[in-house]
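To start, the structure under review is shown below, and the notes come after it.
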Number of protein chains: 2
Amino acid sequence: MSVEHHPDHAPLELEHFLPYRLSILSNAVSQAIADDYQRRFDLSMTEWRVMAVLARFDGLSAREVAERTLMDKVAVSRALAKLVEAGWVTRATHDGDKRRSVLGLSEAGWAIHEVVAPMARAHERNLLEKLDDEERTWLVRILDKLQAIEPK
Amino acid sequence: MSVEHHPDHAPLELEHFLPYRLSILSNAVSQAIADDYQRRFDLSMTEWRVMAVLARFDGLSAREVAERTLMDKVAVSRALAKLVEAGWVTRATHDGDKRRSVLGLSEAGWAIHEVVAPMARAHERNLLEKLDDEERTWLVRILDKLQAIEPK
DNA sequence: TGCAACTGGTTTCATATGTAACTATAACGT
DNA sequence: ACGTTATAGTTACATATGAAACCAGTTGCA
């Protein structure tokens, strides 16, 4: 691979610079999805991520949600405040540890999930359809490799 | 490809959801780089991007910088305010169009660039080194394909 | 016990970011 | 020429985000 065409101090060509390209692509994709559910449910990306993880793992504490979503606990706390207020997430106190909360989707929360999850999947499918089978396979493999180490 | 394992309404598995994975990876990578130059020069990512594009294209206007960096004009305006203030970017008025500014790196700006550009490249190289030649080739190809359409 | 260190979660504050309104200049159509 | 419309850039406001301080409640251990 030709990484050495340019001396180190030469101006960066952003459009060929991998971190920049990743950032642009990622933002475009996430934003496109978020726009959808933001418009329909006034749901932010962080809030949706919390709901998505509670849909899979019922009864988590806020800290566990933070771990699963890779969000920090402040962000989770705020998202939860809004979600509980909206009546989409239920919050109880853990027996035996009054610090911990026990979270889950409410009926209404599940109803939202039933709409948003398919939307999100459709966007993903839409994206993957631009690639052929071989490319999709490589992409997953490359992401696996890059992520194996990066999360310090 | 197995996209149909899950009914559409089943809970999303974030860790396999492409947009989420891209977002996590991209943030980790960009943040790692930004941390470096933030600490050393109190330079934000947006500010660095402006400097990077001015290093390549001297004399751009603010709007042109915005186009090149895909940032919106407000973000560029703010970045420029700080960069000019810091003495790293020079700003003059275009002859013949007093609305337009004519931007460029100052001596000091170039000095910063000489340090940051290699840092950024090193991070990129570090990332690419986790892949073999074949994977790198596919990655570029996949990014090209995904980006060809996404930028609506 | 009882107190020091720790953990779950929230609040506060300072900063960043996006949207819309605004100012100044330039271009266009008559 | 001259008013309308468009463009470059900044400012204001409202919201989002991150870091650190904070308040319980819990654990460890003398």
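Please read all numbers here as calculations on a predicted model, not as lab measurements. Just so it is clear: chains get the letters A, B, ... in the order the sequence lines come, proteins before strands, and each one is counted from 1.
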Handout entry: Annotated protein contacts, base or backbone, on nucleotides 24-29 of chain C with a non-hydrogen cut-off under 4.0 Å, one of B, S, - each
Key = BBS---
Handout entry: For the student: nearest non-hydrogen atoms of Pro19(A) and Ser30(B), plus distance
Key = O-OG, 4.0 Å
Interatomic distance where [atom1] belongs to [X] and [atom2] belongs to [N] [whole Å]:
X: Arg78(B); N: dG9(D); atom1: CZ; atom2: P; result: 15 Å
X: Leu80(A); N: dT11(C); atom1: CG; atom2: C1'; result: 15 Å
X: Lys82(A); N: dT17(D); atom1: NZ; atom2: P; result: 11 Å
X: Asp95(A); N: dT26(D); atom1: CG; atom2: C1'; result: 15 Å
X: Glu85(A); N: dT10(C); atom1: CD; atom2: C1'; result: 16 Å
X: Lys73(B); N: dT11(D); atom1: NZ; atom2: P; result: 13 Å
X: Asp72(B); N: dA16(C); atom1: CG; atom2: P; result: 15 Å
X: Asn27(B); N: dG18(D); atom1: CG; atom2: P; result: 9 Å

Practice task
Check every atom of dT10(C), dG9(D), dT11(D) against the side chain of Val74(B) and return the nucleotide holding the closest atom.
Solution key: dT11(D)
Practice task
Using a strict cut-off of less than 4.0 Å between a Lys/Arg side-chain nitrogen and an Asp/Glu carboxylate oxygen, indicate whether Arg136(B) and Asp133(B) qualify as a salt bridge.
Solution key: yes
Practice task
Flag the pair Asp35(A) and Arg40(A) as a salt bridge only when some basic side-chain nitrogen lies within less than 4.0 angstrom of an acidic carboxylate oxygen.
Solution key: no
Handout entry: Polar contact flag, side-chain donor to acceptor under 3.5 angstrom, Ser101(A)-Arg63(A)
Key = no
Problem - Met51(B) side chain reached by Leu83(B) side chain, heavy atoms, under 4.5 Å - result: yes
Exercise for the section: Apply salt bridge (Lys or Arg N to Asp or Glu O under 4.0 Å) to Asp97(A) and Arg100(A), showing your working. Expected result: CA-CA 6 Å; Asp97(A) 188 345; Arg100(A) 211 170 292 174; 3.2 Å; yes
Problem - Cationic tip of Arg49(A) above Tyr20(B) ring, under 6.0 Å, 45° of axis - result: no
Handout entry: Interface with DNA chain C, restricted to residues 44-63 of chain A and to heavy atoms under 4.0 Å
Key = Ser61(A), Ala62(A), Arg63(A)
Exercise for the section: Verify the contact: side-chain N or O of Ser77(B) to OP1 or OP2 of dG9(D), cut-off strictly under 4.0 Å; return yes or no. Expected result: no
Completion exercise
residues 72-101 of chain B vs ring-ring contact (aromatic ring centres under 6.0 Å, His included), sequence neighbours excluded, gives none
Exercise for the section: Verify side-chain hydrogen bond (donor to acceptor under 3.5 Å, both in side chains) between Glu134(A) and Thr137(A), making sure each step is shown before the conclusion. Expected result: CA-CA 5 Å; Glu134(A) 200 180 7; Thr137(A) 304; over 6 Å; no
